[in-house]
Amino acid sequence: MKVYLEEVLREALISLSAEYPSLAGAEIQIEKPRSPEHGDAATNLALTLAGAMKMPPRKIAEKIVAALNTDDSLISSAEIAGPGFINFRFAHKWLQNQLLTITKASGEYGKTTDNKDKKVLIEFVSANPTGPLTVGHGRNAVLGDTIARLLEWSGALVDREYYFNNAGRQMRVLGESVLARYSELCGKATDFPDGGYEGDYIKDIASLLFDEHQNTLLNREDAVAICKGAAEAQIFEDIQNTLKRMNIRMDAFFNEYSLYESGAIESVVERLRDKNLAYDADGAVWFKTTEFGKEKDTVLIKSSGEPTYRLPDIAYHIHKLDRGYDIAIDIFGADHIATYPDVVSAVNALGYDGSKIDVQVYQFVTIVKDGKPFKMSTRKANFVTLDELMDEVGPDVTRFFFLMRSPGTHLEFDIAEAKEAGEKNPVFYLQYAHARICSILRKADETINSGDADADPSLLNHDSEINLIKHLLEFPDAVSVSARHREPHRLITYLNEAAAHFHKFYHDCRILGEEEKLASARVLLLHATANVLHNGLTILGIEAPDQM
RNA sequence: GCGUUCGUAGCUCAACUGGAUAGAGCAUCUGACUACGGAUCAGAAGGUUGGGGGUUCGAAUCCUCCCGAGCGCACCA
């Protein structure tokens, strides 16, 4: 419809261009007015042309409307309003006929070709295996997964990747922490390492080791390594189970260490040197970030010979692009926001297209527990795990809570409120609408003979019916916008409105017991609505229940 | 101090990136079908979009200066 309006407007402009040559190339914007009083679609064309034509916008609008040649079966009216907007209304006939395209498309309805066949890599979670996933990781995990789903619905081929490092200092401390707990189990008093991991899960891992080895590890030189290995394996299993429970699957786990093994790290340093962007000073290797507008240069390799994390980050992103991805998305918390420009600079400097790197930054979640802000620390074992949260409220509420707000705003997560899984919880509003429809459809199956194919949608002329149909037709656009911005909350806003339109329709119009032709037309509308809700919830990774 | 992301109804947040009278939910108040699921629906009330200045036909959105918050600013990840 948007395309059609653009065409008609373009033709009108061309016909007017004999008199006003500047019109022919004007850019045409079609948007949906915020208020329904302003019609179903509007263009600000006359306003944008006012300056160039030196005419009042309303006067220009009049000329455009006069030159407009619209098909009555598609557009029922074109009016000038306000400062010079042209408002269009869609013909009922057209709206009604679109219902069948929704039900026919079924599970495919809402898919677009915006990113058709684009290869996308999305990296998210990427927590090092030092402890269980906490609600602090939740926003990252759920955003990443849902953005992946949105992009799949826009036609992209998406790979999900989890990047981790099991070689750093933190991991060594983890091994030492386990060893200390293990020693305790062996009856040997040991000092707990400074800054060690205090969580109970460390004791569980130590206990497993004790069951397996008794006290035979105590005198082995590689005891820390064994403890570290066991902890990593155990924690990763735990993390994967949590992800699975949240309806998240990863396609790959990428170990930072492989970048050392492959020589990728060294190669980056050499190539930066070749470009004169890396140099030695004070025993360290530096990256000339001042070339890219930074105040200071940045250390790539410490004087100890160990790289900083920035170097493998650069190598990793180059590796992503080497694998042929058209878009490489990173889901980062606000703490990483200052570091990625260096990565992009390096990637560009080495001849890659840094614009393929798409960094999505979300603001941190403030956990509110017992009415107060709660600072989490994996090391100090102050945390609420995602598993604990899901025990309380289930995966659907967990996902929904992280998705319902714009990633760009600070999210306050009140544990008590989330646990209050009652009617306050907005996810139920959507699920209830779906369950309610399914319930009616079950009953309709028994009483109404004709199927969708026989239904006559032209009987649906009630305001509530028309408004619902209009909204259902916006679904593909909602998915598309949501995917383009990488902002799932836009889809949630849309679905809430869809559910509201449905509930309104439900109250205004009866279905069962109406005259059979009308009843089957309304059943068709129910099918279309359920389809939209179902597809939308599927994108969000949330269940669409048949009954609750 | 510098950089960065924010500040919208009592609370939690929207507003399709510059469009028309800034919208929802929760909380508060008033109402609704002896029928399809009341986990619903209709209505009331609630605002100087943190504050000042600027840009233009038009600003919550863009520029600037204040105020307040989060996060960065290591040869830590």
Side-chain angles (χ1 to χ4, degrees), chain A residues 29 31-35 37-38 42 44 46-48 50-51 56-57 81-85 87 128 130 165 168-171 256 281-286 294-296 298-310 312-313 333-339 341 361-366 373 404-406 408-414 417 420 422-426 428-429 431-433 435-444 447 464 474 477-478 480-482 484-485 487 489-490 492-494 496-497 499-500 502-514 519 522 526 547-548:
Chain A
Q29 291 176 37
E31 50 195 28
K32 191 201 164 199
R34 191 146 49 183
S35 159
E37 290 165 30
H38 298 130
N44 59 357
L47 282 84
T48 55
F85 290 99
N87 296 337
N128 284 338
T130 58
N165 165 16
R169 194 178 64 85
Q170 292 304 319
M171 288 300 290
E256 177 187 321
D282 305 327
V285 181
W286 296 73
K294 283 246 174 165
E295 273 184 30
K296 285 189 291 189
T298 307
V299 172
L300 288 178
I301 302 177
K302 301 184 255 179
S303 51
S304 67
E306 264 183 301
T308 62
Y309 69 103
R310 204 163 307 226
D313 266 6
D335 54 343
H336 283 76
I337 192 164
T339 75
V361 175
Y362 62 92
Q363 293 300 313
F364 271 139
V365 178
T366 308
M404 61 199 252
R405 305 307 183 201
S406 156
T409 98
H410 301 280
L411 170 63
E412 191 156 299
F413 194 123
D414 190 321
E417 199 178 298
E420 209 174 305
E423 52 197 81
K424 262 174 87 173
N425 215 306
F428 293 124
Y429 186 73
Q431 295 185 318
Y432 178 67
R436 195 180 223 184
I437 294 171
C438 291
S439 167
I440 301 168
L441 288 176
R442 279 191 294 271
K443 294 198 168 107
T447 54
S464 304
E474 285 166 27
D477 203 43
S480 169
V481 166
S482 211
R484 190 166 64 245
H485 292 278
E487 291 181 344
H489 77 279
R490 291 172 189 268
I492 289 188
T493 304
Y494 167 84
N496 272 321
E497 289 165 357
F502 159 69
H503 285 305
K504 174 89 170 108
F505 154 70
Y506 171 87
H507 271 263
D508 292 349
C509 305
R510 275 205 60 81
I511 298 133
L512 305 179
E514 285 289 346
R522 287 181 172 162
L526 287 183
Q547 51 191 359
M548 293 172 70

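Sequence lines set the chain letters: A, B, ... in the order given, protein chains first and strands last, and positions in each chain run from 1. Owing to the predicted nature of the structure, the values given are computational and were not obtained by experimental measurement.
Looking only at distances, no side-chain donor or acceptor of Thr308(A) sits under 3.5 Å from a matching main-chain atom of Ile301(A).
rG50(B) and rU12(B) are spaced 14 Å apart, taking the P atom of each and rounding to whole Å. Atom C1' of rG58(B) sits at a distance of 14 Å from the matching atom of rA22(B), rounded to the whole Å. Taking atom P in both rG37(B) and rA24(B), the straight-line distance is 28 Å, to the nearest Å. Going from the C1' atom of rC29(B) to that of rG46(B) covers 12 Å, rounded to whole Å. Separation of the C1' atoms belonging to rA9(B) and rG23(B) is 10 Å when rounded to the nearest angstrom. Taking atom P on both nucleotides, rU30(B) is separated from rC71(B) by 43 Å, rounded to a whole Å. Nucleotides rC57(B) and rA20(B) are separated by 13 Å at their C1' atoms, to the nearest Å. Comparing rA60(B) with rG51(B), their C1' atoms are spaced 14 Å from each other, to the whole Å.
Once the 5.5 Å centre distance and the 30° plane angle are applied, the aromatic ring of His38(A) is found stacked with the base of rA20(B).
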Polar pairs (N or O, both sides) under 3.5 Å between protein and nucleotides 2-11 of chain B?
from   : atom 1 : to        : atom 2 : distance (Å)
rC2(B) : O2'    : Glu295(A) : OE2    : 3.3
rU5(B) : O2'    : Gln363(A) : NE2    : 2.4

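Among the atoms of the strands shown, none is found under 4.0 Å from any heavy atom of Cys438(A). Residue contacts for Ser406(A): at a heavy-atom cut-off of 4.0 Å it reaches the sugar-phosphate backbone alone, with no base atom in range. Contact annotation for Asp508(A): no contact, since no heavy-atom pair falls under 4.0 Å across all strands. Among the heavy atoms of the strands, none lies under 4.0 Å from Asn496(A). Counting non-hydrogen atoms under 4.0 angstrom, Ala433(A) reaches nothing in the nucleic acid. Nucleic acid contact for Glu306(A): none, since no nucleic acid atom lies under 4.0 Å from a heavy atom of the residue. As judged by a 4.0 angstrom heavy-atom cut-off over every strand, Thr493(A) is placed among residues touching the sugar-phosphate backbone only. If you check every strand for non-hydrogen atoms under 4.0 Å, His489(A) touches sugar and phosphate atoms only.
In this structure, the side chains of Asn128(A) and Gln170(A) stay at 4.5 Å or more apart for every pair of heavy atoms. Within the 4.5 Å cutoff, the side chain of Glu497(A) has no heavy atoms near those of the Glu474(A) side chain. Within the 4.5 Å cutoff, side-chain heavy atoms of Arg522(A) are placed close to those of Phe505(A). By the 4.5 Å heavy-atom criterion applied to side chains, Tyr506(A) and Arg436(A) are counted as neighbours. Contact of the Tyr309(A) side chain with the Asn165(A) side chain is not registered, since no non-hydrogen atoms from C-beta on lie closer than 4.5 Å. Residues Asp335(A) and Phe364(A) are in side-chain contact: their nearest non-hydrogen atoms beyond the backbone lie under 4.5 Å apart.
Of the candidates rC41(B), rA20(B), rG37(B), the closest approach to any side-chain atom of Tyr429(A) belongs to rC41(B). Between rG37(B), rA20(B), rC75(B), one nucleotide has an atom nearer to the side chain of Asn87(A) than all others, and that is rA20(B). The side chain of Gln547(A) lies closest to rG37(B), out of rA14(B), rU17(B), rG37(B). Distance from the side chain of Arg34(A) is smallest for rA20(B) among the nucleotides rA20(B), rU17(B), rA14(B). With rG37(B), rC16(B), rA20(B) as the choices, the nucleotide that has an atom nearest any side-chain atom of Phe85(A) turns out to be rA20(B). Counting only heavy atoms from C-beta on, Ala435(A) has its side chain closest to rG37(B) among rC16(B), rG37(B), rA14(B). With rC13(B), rC71(B), rA77(B) as the choices, the nucleotide that has an atom nearest any side-chain atom of Arg405(A) turns out to be rC13(B). Minimum atom distance to the side chain of Leu47(A) is reached by rG19(B), of the listed rG19(B), rU17(B), rG37(B). For Lys296(A), the listed nucleotide lying nearest its side chain is rC73(B); candidates were rC73(B), rG19(B), rA15(B). Nearest to the side-chain atoms of Met548(A) among the listed nucleotides rA39(B), rC41(B), rU17(B) stands rA39(B).
Using N1 to N3 plus N6-O4 or O6-N4 for Watson-Crick, or N1-O2 and O6-N3 for G-U wobble, each under 3.5 Å, rC11(B) pairs with rG25(B). The nucleotide rU56(B) finds no pairing partner, because no Watson-Crick or G-U wobble arrangement with both distances shorter than 3.5 Å includes it. Across all strands shown, rG46(B) forms no Watson-Crick or G-U wobble pair with both distances under 3.5 Å. Across all strands shown, rC41(B) forms a Watson-Crick or G-U wobble pair, both distances under 3.5 Å, with rG31(B). rA69(B): Watson-Crick or G-U partner is rU5(B), with both key distances under 3.5 Å.
In terms of polar N and O atoms assigned as donor or acceptor, the side chain of Asn44(A) comes within less than 3.5 Å of the base of rG19(B) in a complementary pairing. Evaluation of atom-type donor-acceptor distances gives no pair under 3.5 Å for the side chain of Tyr432(A) against the base of rA39(B). In terms of polar N and O atoms assigned as donor or acceptor, the side chain of Asp313(A) never comes within less than 3.5 Å of the base of rA77(B) in a complementary pairing.
Whole-Å rounding puts the Leu300(A) CG to rA74(B) C1' distance at 14 Å. Atom CG in Leu441(A) sits about 11 Å away from atom P in rG37(B), given to the nearest Å. Between the C1' atom of rC16(B) and the CZ atom of Arg490(A) lies a distance of 5 Å, rounded to the nearest Å. Atom-to-atom, CD of Gln431(A) to C1' of rG37(B) comes out at 15 Å; the value is rounded to the nearest Å. Atom NE2 in His503(A) sits about 16 Å away from atom C1' in rC33(B), given to the nearest Å. His336(A) places its NE2 atom 15 Å from the P atom of rA74(B), with the value rounded to the nearest Å.
Syn is the conformation of rU17(B), whose glycosidic angle sits no further than 90° from 0.
Between Pro83(A) and Leu47(A), the closest heavy-atom pair is CG-CD2, 4.0 Å. Scanning all heavy atoms of the two residues, the minimum distance from Gly84(A) to Ala46(A) falls at O-CB, 3.5 Å.
Distances shown here put every side-chain N or O of Arg510(A) at or beyond 4.0 Å from the OP1 or OP2 atom of rA35(B). Between Thr308(A) and rA74(B) there is no side-chain N or O to OP1 or OP2 distance below 4.0 Å. At rC36(B), none of the side-chain N or O atoms of His507(A) fall inside 4.0 Å of OP1 or OP2 (strictly under the cut-off). For rC75(B), neither phosphate oxygen OP1 nor OP2 lies less than 4.0 angstrom from any side-chain nitrogen or oxygen of Ser303(A). The side chain of Tyr494(A) contributes no N or O atom lying less than 4.0 Å from OP1 or OP2 of rC16(B).
Residue Arg169(A) qualifies as open at atom CZ: its count of foreign heavy atoms under 6.0 Å is 12 or below.
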Q: Please report the C-alpha distance between Val481(A) and Arg484(A) in whole Å, then the side-chain angles of each, then the deciding distance to 0.1 Å, and finally whether the side chain to side chain contact (heavy atoms under 4.5 Å, CB included) criterion is met.
A: CA-CA 5 Å; Val481(A) 166; Arg484(A) 190 166 64 245; 3.8 Å; yes
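Relative orientation of the Tyr429(A) and His503(A) rings is tilted, given thresholds of 30° and 60° on the angle between their planes.
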